[in-house]
**Student:** 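Structure provided below as structure tokens; questions to follow.
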Amino acid sequence: MTTTATKTQYEAVIGLETHCQLSTKTKIFSSSSTAFGADPNTNIDPVCMGLPGTLPVLNQKVLEYAVKAGLALNCQIAPYSKFDRKQYFYPDLPKNYQISQYDLPIAEHGWLEIELEEDGQPVRKRIGITRLHMEEDAGKLVHGGSDRLSGSTFSLVDYNRAGVPLIEIVSEPDLRSGAEAAEYARELRRIMRYLGVSDGNMQEGSLRCDVNISIRPVGSEKFGTKVEIKNMNSFNAIERAINYEIERQIEVLEAGDRLVQETRLWEEGSQRTISMRVKEGSSDYRYFPEPDLGPIEVSAEQLAAWKRELPELPAAKRHRYEEDLGLSSYDARVLTDDRAMAEYFEATLAAGAPAKQAANWLMGDISGYLNTEKKTLADLPLTPETLAEMIRLIESNTISTKIAKDILPELLNRGGSAKELVEKKGLIQISDPAAIEAAIAKVLEAHPAELEKYRSGKKNMLGFFVGQVMKQTGGRADPKLTNQLLVKQLDG
């Protein structure tokens, strides 16, 4: 889509509503399994099917996870909250209403920090969290003849997901671009995974984002007409859908037309949003207090106990890695993206490795191996202690970086001691000047023509001679010392 308007005339106002599935073994109000991938309509029971005479009972783990998520998002936890019925008539909701929270959610008034790079510099921004509440998921419609309702010839209903516990996290309209919104969603997933309350797998529907977006003239305080975009199945899709929708809305206004409040869908194939329905208001859901569930009270003692169980969160780790360990903002972001990576890194430091070297090996060769082999850190025979041992061998000039790279594949596949492997293979670095000078003498004697080229001004021949010395010594010569001695001999 193209537009004649300049983007600086308008700014986007964006908020996200994120549904996050909690990693409990059973559903929010019943004992059926929440396991993903079961045969259709096998993880069901009378409660989640809404059969007459059944009563819901709140899963205590759901409350614990919701409160921990709220605390991690710097929210105020309500000492008293309740559940409500949200009237929602759709084939995948057996009861014809959803148990959710309306006016008294479990958590409100929080924030999280995102970090983006602008002009090569890290920029931090705080995004407000309006509320976090608990609710049950609906089932799933499987459309036949098409991948969506439009164009399908029939629909099948799978109720396995009905009653799966969710928290819905609603942001303030503090986001201003597709990049900011995508990073907000990424940070939200990082936090949930660090807490262990959700796996955040978007491809399985464990994290689903709806985007609310409007535009307004730059400098205006008044909000424009809000449009909701559904069907966000990846962070890239969030960014692309928002960028498209900003352009579409600008084009509509520049043409003199009026935007309508509606719900739109993101079409991945055509890379555009399409209209789905006119947006409902909260009055359309006819909320009222859930009569089958009592109020929720979280005591100060319980709240304090759950707060003590929170891990160090991604933003705090990023700050600490930069300020205390001297790492770049890029290194800190990569290392803290996954809790397992951060913990492996910190265990390597605890075993005596310098921070920058440990970061380089983890982000480089080790991550490359994991990606190629489709493995995780938990699968590695290489322990943080062995990685630290290998780095210490480099730092003490016992081995070169090249030798370390040569032995790393065996350590990754079999584990063991780096020092013992180096000794077994006879790979200890040669740091004796006399031994290196002897190897240099043999190389110069064997390559008189190349020596003449160097001495006639072709100084780039130095790399050739370094390579030959390394070959002569089986790659064990100290590279720094070799360069110094070579230059001295070549220029002498």
Side-chain angles (χ1 to χ4, degrees), residues 312 314 316-433 435-436 466-467 469-471 473-485:
E312 184 183 31
K317 278 192 184 294
R318 288 196 297 268
H319 297 172
R320 182 164 62 84
Y321 287 6
E322 292 176 44
E323 295 161 12
D324 296 349
L325 301 179
L327 296 179
S328 68
S329 60
Y330 172 80
D331 288 355
R333 285 201 305 273
V334 173
L335 290 168
T336 59
D337 187 59
D338 177 68
R339 182 175 175 179
M341 172 73 85
E343 289 178 346
Y344 194 103
F345 170 68
E346 291 182 18
T348 305
L349 300 194
K356 181 57 180 172
Q357 287 82 339
N360 288 346
W361 282 101
L362 267 172
M363 294 163 51
D365 295 70
I366 294 174
S367 288
Y369 171 84
L370 294 175
N371 291 334
T372 301
E373 300 297 322
K374 294 181 170 50
K375 292 183 177 181
T376 67
L377 285 166
D379 300 325
L380 283 188
L382 174 69
T383 65
E385 292 74 21
T386 297
L387 175 60
E389 180 188 35
M390 186 184 80
I391 293 171
R392 289 197 305 272
L393 291 174
I394 300 170
E395 293 289 298
S396 65
N397 289 324
T398 302
I399 62 173
S400 64
T401 300
K402 180 184 181 302
I403 291 171
K405 286 180 178 287
D406 288 342
I407 66 170
L408 183 62
E410 186 166 340
L411 293 173
L412 286 168
N413 284 291
R414 297 182 185 176
S417 166
K419 185 178 180 181
E420 289 176 8
L421 183 60
V422 166
E423 291 173 347
K424 176 184 172 184
K425 290 181 174 289
L427 295 174
I428 293 176
Q429 183 167 273
I430 299 172
S431 299
D432 178 9
I436 295 175
V466 170
V469 174
M470 286 299 175
K471 185 177 180 182
T473 60
R476 295 191 297 127
D478 181 330
K480 186 177 179 181
L481 184 57
T482 298
N483 269 274
Q484 293 172 351
L485 295 174

**Student:** Evaluate the criterion side chain to side chain contact (heavy atoms under 4.5 Å, CB included) for residue pair T376 and L370; output intermediate values, then yes/no.
**Tutor:** CA-CA 6 Å; T376 67; L370 294 175; 5.8 Å; no
**Student:** Below 4.5 Å, heavy atoms only, C-beta onward: do S400 and I394 meet side chain to side chain?
**Tutor:**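 Of all side-chain heavy-atom pairs linking I394 with S400, none is under 4.5 Å.
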**Student:** Got K405 and W361 here, is their nearest side-chain heavy-atom distance under 4.5 Å?
**Tutor:**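 The answer is yes, as the side chains (C-beta and beyond) meet within the 4.5 Å cut-off.
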**Student:** Could you pull out the closest heavy-atom pair between L421 and E410, with the gap in Å?
**Tutor:**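 Smallest interatomic distance, heavy atoms only, reads CD1-OE2, 3.4 Å.
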**Student:** Could you state the interatomic distance from CG (L411) to CG (L380), rounded to the nearest 0.5 Å?
**Tutor:**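 Here the interatomic distance stands at 11.0 Å.
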**Student:** Indicate whether any N or O donor in one side chain lies under 3.5 Å from an N or O acceptor in the other, for D338 and Y344.
**Tutor:**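 Distance-only check fails for D338 and Y344.
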**Student:** Any side-chain to backbone donor/acceptor pair from R320 onto L325? Under 3.5 Å, distance only.
**Tutor:**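 Pair absent, no side-chain N/O of R320 close to backbone of L325.
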**Student:** L349 and A358: which non-hydrogen atoms are nearest, and at how many Å?
**Tutor:**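 It is CD2-CB, 4.0 Å.
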**Student:** Provide the closest heavy-atom pair for S396 versus L393 in the form atom of the first, atom of the second, distance.
**Tutor:**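 That would be OG-O, 3.2 Å.
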**Student:** On a heavy-atom basis, which atom in Q357 and which in I391 lie closest, and how many Å separate them?
**Tutor:**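 Looking at all heavy atoms of both residues, the closest pair is CB-CG2, 3.8 Å.
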**Student:** What heavy-atom pair brings P384 and T348 nearest, and what distance separates the two atoms?
**Tutor:**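 Looking at all heavy atoms of both residues, the shortest contact is CB-OG1, 3.5 Å.
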**Student:** Rounded to the nearest 0.5 Å, what separation is found between the CG atom of N371 and the NZ atom of K374?
**Tutor:**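 Spacing of CG (N371) from NZ (K374) equals 8.5 Å.
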**Student:** Kindly indicate, with the supporting measurements, whether the criterion side chain to side chain contact (heavy atoms under 4.5 Å, CB included) is fulfilled by L408 and L382.
**Tutor:** CA-CA 9 Å; L408 183 62; L382 174 69; 4.1 Å; yes
**Student:** Taking side chain as C-beta onward, heavy atoms only, is R333 less than 4.5 Å from Y321?
**Tutor:**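 The answer is no; the side chains never approach within 4.5 Å.
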**Student:** Side chains of S329 and E322: does their closest heavy-atom pair fall under 4.5 Å?
**Tutor:**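 S329 vs E322: side chains touch.
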**Student:** What is the distance from atom CG of L387 to atom CZ of R392, rounded to the nearest 0.5 Å?
**Tutor:**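 Nearest 0.5 Å value for the CG-CZ distance: 10.0 Å.
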**Student:** To the nearest 0.5 Å, tell me how far D324 CG sits from H319 NE2.
**Tutor:**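 Rounded to the nearest 0.5 Å, the CG-NE2 separation comes to 11.5 Å.
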**Student:** Are the side chain of D379 and the backbone of K375 linked by a donor-acceptor contact shorter than 3.5 Å?
**Tutor:**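 Side chain of D379 to backbone of K375, a donor-acceptor pair under 3.5 Å: no, none is there.
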**Student:** Regarding D406 and K425, does a basic nitrogen lie under 4.0 Å from an acidic carboxylate oxygen?
**Tutor:**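 Judged by the 4.0 Å cut-off on N to carboxylate O distance, D406 and K425 do not form a salt bridge.
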**Student:** Are L327 and F345 packed together at the side-chain level, in the sense that at least one heavy-atom pair is separated by less than 4.5 angstrom?
**Tutor:**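 A side-chain contact exists here, since the closest heavy-atom pair is under 4.5 Å.
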**Student:** Rounded to the nearest 0.5 Å, how far does CG of L377 lie from OG1 of T383?
**Tutor:**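 Answer for the OG1-CG pair, T383 versus L377, is 12.0 Å.
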**Student:** Whether E346 and R339 form a salt bridge (side-chain N of Lys/Arg under 4.0 Å from carboxylate O of Asp/Glu) is what I want to check.
**Tutor:**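 Here R339 does not pair with E346 in a salt bridge, since their nearest N and O are not under 4.0 Å apart.
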**Student:** Quick one: do E389 and S417 satisfy side chain to side chain donor-acceptor pair (under 3.5 Å)? Show the steps, please.
**Tutor:** CA-CA 8 Å; E389 180 188 35; S417 166; 3.1 Å; yes
**Student:** Closest approach of M390 and I399, non-hydrogen atoms and distance?
**Tutor:**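 M390 and I399 have their closest heavy atoms at O-CD1, 4.2 Å.
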**Student:** For the CD atom on E420, are there more than 12 heavy atoms of other groups (residues, nucleotides or ligands in this structure) within a distance under 6.0 Å?
**Tutor:**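 Not more than 12 within 6.0 Å, no.
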**Student:** Any chance NZ of K480 has more than 12 other-residue heavy atoms, nucleotides or ligands included, within less than 6.0 Å?
**Tutor:**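 No.
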